[in-house]
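Written below as structure tokens is the structure these notes are about.
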Amino acid sequence: LLGKETGENRQSAELGLVIKYISSIEDKNIVSPEVYFILGCAYYFRHDNPNALSSFEKSLALLNLNAEFNLQMQQNSD
């Protein structure tokens, strides 16, 4: 897939592709908490801790938002 790169160089290149692809999604409304978690992991393994933390925080915020929405929906159906 990535030519002659092996080992750590290949892993870093593949992580770079993940970051580039996910970051290129323009409609952030379709990005799930899991996608931000994967992005955070990719940043973390590339030793980009500030972006990793930001992605993990976005993931957590969306999880909390989804939980609040589900709770409101449940209360409205009672």
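The chain is numbered in sequence order, starting from 1. These values consider heavy atoms only, across backbone and side chains, with no hydrogens, waters or symmetry-generated copies.
- Residue pairs meeting the side chain to side chain donor-acceptor pair (under 3.5 Å) criterion with at least one partner in residues 34-44, sequence neighbours excluded, are S32-E34.
- Residue S12 holds its OG atom at 8.0 Å from NE2 of H47, rounded to the nearest 0.5 Å.
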Pairs of donor and acceptor atoms involving the side chains of residues 54-65, under 3.5 Å and at least two apart or interchain, shall be tabulated with distances.
residue : atom : partner : partner atom : Å
S55     : OG   : N51     : O            : 3.1
S59     : OG   : P33     : O            : 2.8
N64     : ND2  : L60     : O            : 3.4

Donor-acceptor pairs under 3.5 angstrom involving side-chain atoms of residues 16-27: please list them, not counting sequence neighbours.
residue : atom : partner : partner atom : Å
S23     : OG   : I19     : O            : 2.7
S24     : OG   : Y21     : O            : 2.6
D27     : OD1  : N29     : N            : 3.1
D27     : OD1  : N29     : ND2          : 3.4

